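Worksheet for the structure shown next.
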Amino acid sequence: MLDAFVTSSRLRITYRLNGILYWLKRLPLLRRLLPANVYDIGWLKTFALILAVFSEVAGIFLGKIFYTALLIFAPAALLFTGRGTAPASAFLHIFAVLSLLGALINNPLFENDANAYYAIFLMRMDARRYALSNYVYYLIKTATGFIVSLALARLVGRHLVPEASVSLWWILLLPLMTVTFKIIVSALNLSVFRRSGHILQGRFPWLTLSLTLVLLLVAYAFPFLRLTISPAALAILCAAAMCAALPAVCSLRHSRDYRRIYQANPYTELTHDTIQQSVQEGYQKKLVLDTGEVSRKSGCAYLNELFVKRHRKMLTRSAKRLAMVLTAAAVAAMGACAFLPSFAESVNSHMMRALPTCLFAMYMVNRGATVTELMFYNCDHSLLAYRFYRQPKVILDLFRERLKTVVRINLLPSSVIAAALPLLLLVSGGTAQPLDYAVLPVSILAMSVFFSVHYLVLYYLLQPYTAGLERKSPLYSLLSAATYLVCYAGMRIPLESSMVLFGAILIAFCMVYIAVALLLAYKLAPKTFKLRQ
């Protein structure tokens with residue numbers, strides 16, 4: 001089994017190395033300096049190999065550290081300190097439930113990816129030895145990553161939030177519990193395949209989504225109701241899982257069905273044609289071709305209006321539904337403030353520090369990335385092949401129309417938030433600073449326009465998609481990821497100063513950014529908005 005693991009590891013590293021070389025060749029600053037055939041440069045291959053090995057090692061630890069910090073430690077420490085539920089108990093409860101969820105939706109034993117396809121079907125490796133050796137490696141990575149992340153969480157917790165720090169022996173027991181959950185679920189999948197010929201994992205998306213929502217509710221809502229798994233019960237659960245994992249290991253080890261499983265779940269190599277076909281089929285099912293209306297507009301304005309009407313199920317309809325949900329939530333919160341003084345006091349204290357959190361909330365509500373993706377898939381990838389569509393006047397005219405559309409779509413839910421926050425602040429007890437009632441809605445609307453401009457300008461300046469509907473711009477991906485990280489980090493800003501000062505700085509930044517971004521778009525978009533090869 002060791003030789004199978006070594007061979008498959010070399011294949012995986014080579015696959016990743018070639019991907020890194022291709023990625024380096026696509027970077028704007030390097031593609032003109034590097035020769036056409038980067039795969040023949042020895043030192044560059046060595047550098048790419050170092051990056052590949054580093055990414056493998058970093059993937060073992062960084063992902064688990066962020067997972068533990070953001071999804072487990074931060075909620076346990078911030079949400080339940082002083083709320084009646086012990087943060088350490090909330091930590092153990094959330095970890096256990098999310099471990100069960102991970103075993104159900106993130107358990108790659110039977111995934112037929114590119115590496116499995118190359119190794120089993122092209123290189124004729126033994127399917128059982130390949131699957132088990134790589135699965136054992138995956139489990140070791142999972143356990144090791146969690147041991148390190150839990151140790152760091154305990155170390156940080158002892159200094160910052162001692163109430164959320166768990167005892168030392170849980171650092172070893174929790175990763176072992178996670179691994180046993182995954183083994184048991186894999187054995188159950190194997191048993192189901194023997195009887196029905198199908199693997200349950202990934203076969204019923206609606207069931208997966210339902211289980212995910214239920215377990216997330218159990219993980220995060222139950223501690224608010226003071227319903228958590230006690231440490232003693234969790235220790236018993238861990239012991240039971242270890243006992244159940246023993247026959248599961250025997251079942252997985254002696255099974256001869258792995259090749260049949262991979263054949264029943266074939267790997268489809270994605271090409272330009274298959275990607276384009278699948279994406280187009282998915283979007284065409286949601287098109288509204290008969291709009292029932294006649295437009296009086298012409299030119300780019302008519303084209304944009306027709307696009308919005310045909311895609312209203314994915315654009316305006318979803319934004320309207322989100323606005324309705326937010327309205328209902330705001331009305332419920334204001335009603336609770338009127339009848340529950342303790343709840344009103346808590347809401348009021350949060351309202352006074354709400355702006356940093358609103359930055360991430362507006363990022364999540366924003367539809368700019370989805371709208372630009374739809375624009376390319378169902379419009380630009382075809383029309384950019386024509387010369388008239390690449391003329392500067394057409395590009396800028398259509399940019400203006402699209403900017404109005406994106407702003408209108410994002411303002412549907414944003415307006416609800418902008419109206420609800422000052423009302424919540426008023427009914428929950430109010431504030432001594434009258435300007436707070438104006439700063440809150442103006443800041444929300446400024447952030448909404450900011451994100452609308454941000455994503456549309458990125459799309460026009462970088463245009464990340466190829467004619468085959470693949471995203472091939474590393475810079476676009478990096479800037480999108482940076483936007484998420486900045487917005488998430490913004491929630492951690494302690495609002496010690498007045499809301500007026502913070503809101504004024506935020507509004508000024510949005511205005512300056514919007515002006516600069518629009519200027520860049522008008523200057524550079526006629527040159528940069530084109531199909532990638």
Side-chain angles (χ1 to χ4, degrees), residues 74-75 78-85 213 216-217 219-227 316-367 407-452 487-488 490-504 506-507 510:
L78 298 178
L79 299 180
F80 303 111
T81 301
R83 299 293 178 87
T85 298
L213 295 176
L216 287 176
L217 182 66
Y220 294 108
F222 276 34
F224 274 107
L225 304 175
R226 302 183 184 180
L227 299 174
T316 56
R317 185 176 298 180
S318 60
K320 290 177 181 177
R321 289 177 177 175
L322 179 58
M324 293 172 61
V325 170
L326 291 173
T327 301
V331 171
M334 285 185 279
C337 289
F339 295 100
L340 300 174
S342 59
F343 181 78
E345 183 180 353
S346 176
V347 169
N348 187 266
S349 63
H350 282 87
M351 285 294 102
M352 299 305 298
R353 303 187 300 271
L355 277 183
T357 305
C358 288
L359 180 62
F360 186 74
M362 295 309 301
Y363 168 84
M364 299 299 295
V365 168
N366 181 266
R367 302 274 298 163
V407 170
R408 282 197 300 267
I409 291 173
N410 286 326
L411 281 178
L412 286 172
S414 301
S415 300
V416 175
I417 298 175
L421 289 184
L423 289 176
L424 272 173
L425 180 60
L426 179 63
V427 300
S428 64
T431 174
Q433 177 59 265
L435 282 178
D436 290 343
Y437 295 109
V439 168
L440 265 176
V442 175
S443 299
I444 296 298
L445 297 178
M447 285 187 280
S448 177
V449 178
F450 163 80
F451 283 113
S452 302
C487 294
Y488 187 86
M491 293 194 303
R492 318 302 304 159
I493 298 176
L495 191 56
E496 302 294 341
S497 59
S498 68
M499 186 191 301
V500 174
L501 177 60
F502 185 87
L506 186 62
I507 294 169
C510 291

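Just so you know, residue 1 is the first one in the sequence shown, and it goes up from there. Keep in mind that this is a model prediction, so the values were computed, not measured. The basis for the numbers below is simple: all heavy atoms, side chains too, and nothing from hydrogens, waters or symmetry mates.
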Name all residues meeting the side-chain contact (heavy atoms from CB on, under 4.5 Å) criterion together with [X]; count only those two or more places apart in sequence or in a different chain, and write none if there are none.
X	answer
R321	R317
V449	V407, V453, I514
L426	Y437

[atom1] of [X] to [atom2] of [Y]: how many Å apart, nearest 0.5 Å?
X	Y	atom1	atom2	result
R408	L412	CZ	CG	9.5 Å
R367	L322	CZ	CG	8.5 Å
I417	L440	CD1	CG	11.5 Å
L411	I444	CG	CD1	11.5 Å
F450	I507	CZ	CD1	13.5 Å

Minimum heavy-atom distance [X]-[Y], with the two atoms named:
X	Y	answer
S443	L355	CB-CD2, 3.7 Å
P413	N410	CD-O, 3.3 Å
A418	P422	O-CD, 3.0 Å
C358	M447	CB-CE, 3.9 Å

Is there a side-chain contact between F451 and L359 in this structure, where contact means two heavy atoms from C-beta onward sitting under 4.5 Å apart? yes
Pairs under 3.5 angstrom only: tabulate donor-acceptor contacts from the side chains of residues 326-338 to other protein residues two or more places apart or in another chain.
residue, atom, partner, partner atom, Å
T327, OG1, A323, O, 2.7

Please, which pairs that meet side-chain hydrogen bond (donor to acceptor under 3.5 Å, both in side chains) have at least one residue in residues 413-435, sequence neighbours excluded?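 For residues 413-435: N348-S428, S414-S448, T431-D436.
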